[in-house]
Amino acid sequence: MANTPNMASPTCAVRVFNSQHLAEPPASARPDTATEERSLVVCHSTKDFRHWARRCHVDDACEAIIDVGCSTGLTSAILAKRFPAKSIVGVDISADSIAKARARVRNHVEFIIVDSVHCKESVLDLIRTRRAALVFVDIGGNRDLSAVVVLLAFLLRGVAGRLAIVAKSEALYAAAVATQQQSRALDDVWLSELVSTASQALQAKRRAPQRQRYPVRMDPADGVTPLCRFFNYFPDSCRLAEACPHSHAACHFCLRPGHRAADCAVYLADLPVGSFRGRPSPVDKV
């Protein structure tokens, strides 16, 4: 695994937010003191996540807001309406979701295809180059706690200036609440322990035997011609081209015509942690 961020420095202030227990979020999402150079707000649900987006504040030094895991752009649209003077950038692994987001929000928001879990450096580069001080992160779905924790730690450790992250993760929220119930502080020690546990879990998952990801599948058009796995999954595609005895007419994963598995949103969402085959470019603006 890549080097795991060290959470010991600088200090990170951690809060949990559940709109059922708190009528309004704090007056500002920006750090208020030198001890809050890093700030992490953990939201219980998507409703809480968007509730915060509608009410948070940033200072003038923040030039951009990044929406990681933007899906079809609902949270990005909220941020664009609330912060018309800021640059809003939404990123998501799904090309289909990005297309829908672009159709939903036609002005003031830039949407980019990024695999935020396996291309964390691309997200960090966006934060640095756009001078973002506020980042919303919602990479739920099939992402487990380990992937979420490692990404958050990587971003918090990688930015030199102030950074506030608002993250939606039921698993992380449950871990935070359980820690509070044990009368323990949500601090750097807690974050470091989570990162250590997450790193071990990811390494164990990579060492575990993987199910066969490329079984023989037939072209649905005739039911007898095998679909070409090289064409579907590998960067060089199939070198036999028209001479290949297998079919190039449909996706090996979803069986729909017109695209390869390497470009299939359903396949990309199904990839296990640690798999790099068939991935799109780290940053794709097409």
Would you mind reporting whether [Y] and [X] have side-chain heavy atoms less than 4.5 Å apart?
X	Y	answer
Ser196	Gln200	yes
Asp115	Leu268	no
Val89	Arg130	yes

Check: For Val177 and Gln181, what are the C-alpha separation, side-chain angles and deciding distance, and is it a side-chain contact (heavy atoms from CB on, under 4.5 Å)?
Finding: CA-CA 6 Å; Val177 170; Gln181 291 174 344; 3.7 Å; yes
Item checked: side chain to side chain donor-acceptor pair (under 3.5 Å) between Thr179 and Arg184, worked out -> CA-CA 6 Å; Thr179 298; Arg184 290 186 56 198; 5.1 Å; no
Next item on the list: Under the side-chain contact (heavy atoms from CB on, under 4.5 Å) rule, what do Val149 and Leu151 come out as? Steps first, then yes or no, please.
Entry: CA-CA 5 Å; Val149 168; Leu151 173 62; over 6 Å; no
Measure across [X] and [Y] and return the closest heavy-atom pair with its distance rounded to 0.1 Å.
X	Y	value
Phe49	Val137	CE1-O, 3.5 Å
Ser122	Val114	CB-CG1, 4.0 Å
Ser39	Leu156	O-CD2, 4.3 Å
Lys86	Asp59	NZ-O, 3.2 Å
Ala80	Ile88	CA-CG1, 3.9 Å
Arg38	Ala160	NH2-O, 3.5 Å

Check: Tyr233 and Phe253: aromatic ring centres closer than 6.0 Å?
Finding: no
Notebook entry, point to check: Mind checking whether His252 and Phe231 have ring centres under 6.0 Å apart?
Noted result: no
Can you measure from [atom1] ([X]) to [atom2] ([Y]) and round to the nearest 0.5 angstrom?
X	Y	atom1	atom2	value
Asp92	Lys100	CG	NZ	11.5 Å
Arg157	Cys12	CZ	SG	12.0 Å
Ser169	Leu152	OG	CG	8.0 Å
Ile78	His51	CD1	NE2	11.0 Å
Asp138	Cys43	CG	SG	9.5 Å
Tyr267	Asn232	OH	CG	9.5 Å

Item checked: Any residue meeting side chain to side chain contact (heavy atoms under 4.5 Å, CB included) with Leu124, in chain and number order, not counting sequence neighbours -> Arg128, Phe154, Leu155, Val159
Check: What pairs with His259 under side chain to side chain contact (heavy atoms under 4.5 Å, CB included), at least two apart in sequence or on another chain?
Finding: Cys251, Cys254, Arg256, Cys264
Item checked: Side-chain cluster (under 4.5 Å, hydrophobic types only) that Leu255 belongs to, other residues -> Leu227
Checklist line | Test side chain to side chain contact (heavy atoms under 4.5 Å, CB included) applied to Val166 and Leu134, Val135, Asp48, the passing residue | finding: Leu134
With a 3.5 Å distance limit and no angle check, can you tell me whether [X] reaches the backbone of [Y] through a side-chain donor-acceptor pair?
X	Y	value
His108	Phe83	yes
His44	Tyr173	no
Ser192	Asp188	yes

Checklist line | Criterion side-chain contact (heavy atoms from CB on, under 4.5 Å) on Phe17 and Val42, from CA distance to verdict | finding: CA-CA 6 Å; Phe17 177 65; Val42 183; over 6 Å; no
Checklist line | Arg131 and Ser87 side chains, donor-acceptor separation under 3.5 Å | finding: no
Item checked: Between Asp222 and Thr225, a side-chain donor and acceptor under 3.5 Å -> yes
Note to self: Going by the rule side-chain hydrogen bond (donor to acceptor under 3.5 Å, both in side chains), which residues pair with Arg260 if we only count those two or more places apart in sequence or in a different chain?
What the structure shows: none
Check: Which is it for Val41 and Ile165 under the side-chain contact (heavy atoms from CB on, under 4.5 Å) test, yes or no, and what are the steps along the way?
Finding: CA-CA 6 Å; Val41 177; Ile165 294 182; over 6 Å; no
Item checked: Qualifying salt bridge (Lys or Arg N to Asp or Glu O under 4.0 Å) pairs with a residue from residues 76-85, counting only residues at least two apart or across chains -> none
Notebook entry, point to check: Between Glu110 and Arg102, is there a side-chain N and carboxylate O pair less than 4.0 Å apart?
Noted result: no
Donor-acceptor pairs under 3.5 angstrom involving side-chain atoms of residues 60-74: please list them, not counting sequence neighbours.
| from | atom 1 | to | atom 2 | distance (Å) |
| --- | --- | --- | --- | --- |
| Asp67 | OD2 | Ser76 | N | 3.2 |
| Asp67 | OD2 | Ser76 | OG | 2.6 |
| Thr72 | OG1 | Arg104 | NH2 | 3.4 |

Next item on the list: Find out if a path of hydrophobic residues (ILVMFWY) with successive side-chain heavy-atom gaps under 4.5 Å connects Val189 to Leu191.
Entry: no
